[in-house]
Amino acid sequence: TQSTRPQRILDAVQKNATRGDPRSVVKAIDHFCRNKEWAMNVGDEKGCILDSVVSEVNPATVLELGTYCGYSTVRIASLLPPHAKLITLEFNPDFAAIARQVIAWAGLEDKVQLVEGASGDWIPKMKEQFGVKTFDLVFLDHWKNSYLPDTKLMEECSLLRKGSVLLADNVICPGAPDYLEFVRSSPRYKSQYFKSHLEYTKVEDGLEKSVFLG
Ligand SMILES: O=C(NCCNC(=O)c1cc(-c2ccc(F)cc2)cc(O)c1O)c1cc(O)ncn1
Ligand SMILES: [Mg+2]
């Protein structure tokens with residue numbers, strides 16, 4: 001039977017990465033996507049910016065919107081302090097099934113809760129379902145036209161506190177123009193653009209870091 005690209009990414013991890021070694025999992029995916037098949041992971045260049053923001057925030061609670069194969073999930077979770085928790089939402093069940101195995105190969109299942117379903121359905125249930133008060137860091141990497149409505153929904157559900165950091169991928173390519181306009185013009189956010197490139201390419205892209213001011 002014909003394999004899917006996420007399945008081929010998982011194969012590359014299981015063949016080339018060491019169980020329990022998150023950095024080797026990240027390296028194996030980047031090597032596969034740079035040399036064999038492009039895939040929509042945040043990638044190594046933007047991944048370094050992601051790492052620096054995670055290390056700076058040192059979050060106890062993280063929400064990731066859009067898991068895909070778990071590449072950024074592994075990057076983030078490998079940097080979290082001992083009792084920190086990462087909740088990652090993925091709408092696509094095929095992506096979720098692969099991501100669970102990638103996260104397990106990295107040995108990070110205890111830090112990560114992968115939830116299958118639509119962000120709009122799950123965000124209002126975060127507190128009651130997972131006992132989350134607020135998120136210290138949110139990584140937005142799902143459907144680009146969901147960034148803005150989901151950010152407004154997180155505000156309405158009081159999931160953001162003074163100092164919560166939103167980090168959004170792909171604000172240039174594919175782009176999230178309505179989200180960018182909102183966080184850059186709203187008095188309730190302090191925004192900063194980190195110029196980079198679309199994963200594994202020379203095309204411009206970047207991450208937007210926005211601190212919620214409460
Ligand atoms: O596609 C779903 N999620 C991925 C969101 N991410 C992206 O779309 C994405 C796309 C690109 C990208 C950039 C250039 C290009 F030419 C093609 C794609 C890069 C990225 O870094 C992304 O993050 C999805 C499916 C589904 O059925 N349900 C819920 N979500
Ligand atoms: Mg992305």
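A quick note: this is a predicted structure, and the numbers were derived from the prediction, not measured. Heavy-atom basis, side chains included; hydrogens, waters and symmetry copies ignored. Counting starts at 1 for both ligands and their atoms, following the listed order.
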At less than 2.8 Å, would any N/O/S atom of Glu199, backbone or side chain, sit next to the Mg ion (ligand 2)?
no
Notebook entry, point to check: So, are Arg100 and Glu90 salt-bridged, with charged N and O less than 4.0 Å apart?
Noted result: no
Counting from 1 in the order shown, the ligand 1 atoms closer than 4.0 Å to a non-hydrogen atom of Asp169 are 21 (O)
Requested in this report: Please say whether Trp38 places an N or O atom under 3.5 Å from an N or O atom belonging to ligand 1.
Outcome: no
ask   = Around Lys127, counting heavy atoms of other residues, nucleotides and ligands shown, do more than 12 lie under 6.0 Å from its NZ?
value = yes
* Thinking salt bridges, do Lys195 and Asp205 make one under a 4.0 Å N-O criterion? -> no
Note: ligand 1 atoms sitting under 4.0 Å from heavy atoms of Glu199 are 19 (C), 20 (C), 21 (O)
Is there a heavy atom of Trp143 sitting under 4.0 angstrom from any atom of ligand 1? yes
Near Asn170 (heavy-atom distance under 4.0 Å), the atoms of ligand 1 are 19 (C), 20 (C), 21 (O), 22 (C), 23 (O)
_At less than 2.8 Å, would any N/O/S atom of Asn170, backbone or side chain, sit next to the Mg ion (ligand 2)?_
yes
With heavy atoms and a 4.0 Å threshold, my read on which part of His142 contacts ligand 1 is backbone
**Prompt:** Measuring from the heavy atoms of Gly66, does anything fall under 4.0 Å of ligand 1?
**Reply:** no
Exercise. Could you tell me whether Arg34 and Asp44 have a side-chain N and a carboxylate O separated by less than 4.0 Å?
Key: yes
message = Can you see whether Phe212 has Lys190 sitting over its ring - NZ or CZ less than 6.0 Å from the centre and within 45° of the normal?
response = no
Next on the checklist: Walk me through whether His142 and Tyr68 qualify under ring-ring contact (aromatic ring centres under 6.0 Å, His included).
Outcome noted: CA-CA 8 Å; His142 59 333; Tyr68 186 44; over 10 Å; no
Within the 4.0 Å heavy-atom cut-off, what Leu198 brings close to ligand 1 is side chain
Heavy-atom protein contact below 4.0 Å for atom 21 (O) of ligand 1
yes
For this session: Step through it carefully: locate the ring centre of Phe130, locate the ring centre of Trp122, and say whether they are under 6.0 Å apart.
Result: yes
